[in-house]
Amino acid sequence: MTNLSRRRLLSAASMAGAALAMPAWARGASLKAQHVRAGFDEAAGPEIDLRIAHGHHAVQGRSGHAVAVNGSVPGPLLRLREGQTARLNVHNQLDEDSSIHWHGLLLPFHLDGVPGVSFPGIAPGGTFTAEFPVRQAGTYWWHSHSNLQEQIGCYGPIVVEPAGADPVEADRDYVLLLSEFTAVHPHTIMAKLKKGEAYFNRQLTTATDAYDLSAAERRMWAQMRMHPTDIADVSAPTYTYLANGHGPAEGLEYLFRKGERVRLRVINGSAMTFFNLRIPGLPMTVVAADGQDVRPVEVDELQIGVAETYDLLIEPGAAAAYTIVAESMDRSGMAVATLTSSPGLRAEVPALRAPPLLTMADMGMNHGGGDGGGHGQMDHAAMGHGPMDHEAMGHGAAAPAAMDHSPGAMRDLSRLPPTVQAGPGVDMVSMAPVDRTGDPGIGLADVGHRVLNYRQLVALRPNPDSRPPSRTLELHLTGNMERYMWAFDGKAFTAVSDQPIRFAWNERVRVKLVNDTMMAHPIHLHGHFFEVVNGHDGHQPLKHTLTVQPGGSATFDLTANEPGDWAFHCHLLYHMHAGMFQIVSVDFPEGEAA
């Protein structure tokens, strides 16, 4: 055999081996997979089967790989009833491990569906059964906790009907599940974010942009090596925003008759997107948050963080149709649906609003004092009409020169407590973090109408545990945006997997989350509901996911009465994947084995 033929043989063998080593999606296998349906069916009954499989997904002329459940994206709506015993069989038909986490449902920790924490995962061809008593009512959702599958279709809604009378009376009951479609595989997205965190940002400042920034402000941002438009890591046009799996031009409709009350169960099932939800011409009454009933509060808009849910009551007026607008927080795109009195009728779809800019408050610069409620301090409202209104700050036009905005000042590690590992994963420290639960969210403080904030949420029933917390635990949300490193207390999960956050059985703990980054983080604790500390003692709202605003803090009270090991993480998918993840370990009651 000649050297040439040997080289050809070795080359062919090498290529074949490389092809076998590549994942199926990279070999184009998804192009041969079934075409998945947009939208979801309903699955109910004492036993439900869910089949996870590869598929090919198309939205508005763009297509890509999908991980579908029961042949659709999103997967089926699981309709359960409080008091029943649910038996959920998950069949993995992929060529890789998979899982499903029942987001917000109270159940034994070994059924929670997080590989490496509560169970090993579901191997290819395997089946996992979660059988448990349904202990609550409300609006929840489910999603994969494996291999970034949540981004490309492995998610769906859950509605649990109450055992008794529902405190919310409505003539129609609808689910609005917000998410994203992308033709870019999530592993590719993650790789590009690690190489350059601004790769997907199409709204960066330029020499010819129209942003309301003075020359001094632009110099300040440049000196800090930060972007005032760094609102979302991934956005349109990489993402097409979905309403129940449908793109904004695909005409999702909800029917109504005049005089009816419509309940809209809104779920943010996206991987990375905060949505600003509004219905031009109609107010919305919030009646539940994260599945838990709250005293009704009427608003015109609300920001829903990733993994949160809100139940809304809507009473359509005289118009024949209304547009439901879910605008991404960076205002690069929107999901759209129509509330209509007759199929095919449409209302005007508003144009995208001007992109928001980060403020000094988002750096944790609380120069004005105040309680963090969005007023009287240097946050969005105190800044006046512009993103950095230095007159409102009381510093005058020379403020940028008078303040130290150098990279060194922004990374003054002496402000960190000793519990934080101040290494390369920390590139910013909040200068004066205050409680920002009164903040409606980035870009919404000056919209001129009523916007929901956490301070307005009041539990409908008294909190079940009236004991004061026995101790306070402070955790810092840290990151290095340029290196795309995210963590709790500067320690990525891989570095602390053997050092969980430990709680005694039935311990009452106050947890303070301090955000040392310039991004909002939706923090989710598995297996529990906690009380958001918002001033409504005895009726603090119960939630499972809490958004912590940039440069600020938020606090919750927890009764650790669900024993076992639980995931605790940022619900921005790529932040979690990069390391903002921990394990909470709750002791079992004395005499009860794990």
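Residues: numbered from 1 along the sequence shown. Worth saying up front: this structure is predicted, and the values here are computed from it rather than measured.
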**Fill in**
Residues passing the side-chain hydrogen bond (donor to acceptor under 3.5 Å, both in side chains) test with Ser430, sequence neighbours excluded, are none
**Request:** Over all heavy atoms of both residues, which pair between Ala492 and Ala487 is shortest? Give the atoms and the distance, please.
**Result:** N-CB, 3.6 Å
**Request:** Could I get the full list of ring-ring contact (aromatic ring centres under 6.0 Å, His included) partners for His476, not counting sequence neighbours?
**Result:** none
**Fill in**
Of His577, His145, His544, the one forming a ring-ring contact (aromatic ring centres under 6.0 Å, His included) with His569 is His145
**Request:** Check ring-ring contact (aromatic ring centres under 6.0 Å, His included) between Trp141 and all other residues, then give those that pass, not counting sequence neighbours.
**Result:** His103, His143, His571
**Prompt:** Taking only residues two or more places apart in sequence, or in another chain, which ones meet Ala68 in a side chain to side chain contact (heavy atoms under 4.5 Å, CB included)?
**Reply:** Val36, Val73
**Asked** With sequence neighbours left out, what residues match Asp112 under salt bridge (charged side-chain N to carboxylate O under 4.0 Å, His left out)?
**Response** none
**Item:** Nearest-0.5 Å distance that lies between atom CE in Met272 and atom CD in Gln151
**Value:** 8.5 Å
**Item:** Ser99 side-chain N/O to Pro115 backbone N/O, donor-acceptor pair under 3.5 Å
**Value:** no
**Item:** Partners passing salt bridge (charged side-chain N to carboxylate O under 4.0 Å, His left out) against Arg483 (at least two apart in sequence or in another chain)
**Value:** none
**Message:** So which atom in Asn201 and which in Asp230 form the shortest heavy-atom distance, rounded to 0.1 Å?
**Reply:** ND2-CA, 4.1 Å
**Complete:** Sorted by chain and residue number, the salt bridge (charged side-chain N to carboxylate O under 4.0 Å, His left out) partners of Glu562 (sequence neighbours excluded) come out as Arg135
**Ala567 to Val117 - nearest heavy-atom pair and separation** = N-CG1, 4.1 Å
**Contacts of Phe503 that satisfy ring-ring contact (aromatic ring centres under 6.0 Å, His included) - sequence neighbours left out** = none
**Request:** Kindly state each residue pair satisfying salt bridge (charged side-chain N to carboxylate O under 4.0 Å, His left out) with at least one member in residues 324-336, sequence neighbours excluded.
**Result:** Arg278-Glu327, Glu327-Arg331, Glu327-Arg353
**Prompt:** Can you name the one residue among Phe493, Phe568, Phe581 that meets ring-ring contact (aromatic ring centres under 6.0 Å, His included) with Phe488?
**Reply:** Phe568
**Asked** Taking only residues two or more places apart in sequence or in another chain, which ones pass side chain to side chain contact (heavy atoms under 4.5 Å, CB included) with Ala422?
**Response** Leu413, Leu416
**Message:** Holding to salt bridge (charged side-chain N to carboxylate O under 4.0 Å, His left out), I want the full list of residues that pass it with Asp49, two or more places apart in sequence or in another chain.
**Reply:** none
**Request:** To the nearest 0.5 angstrom, please state how far the CG atom of Leu475 sits from the CG atom of Leu473.
**Result:** 4.0 Å
**Request:** Tell me, please, which residues at least two apart from Phe119 pass ring-ring contact (aromatic ring centres under 6.0 Å, His included).
**Result:** Phe128
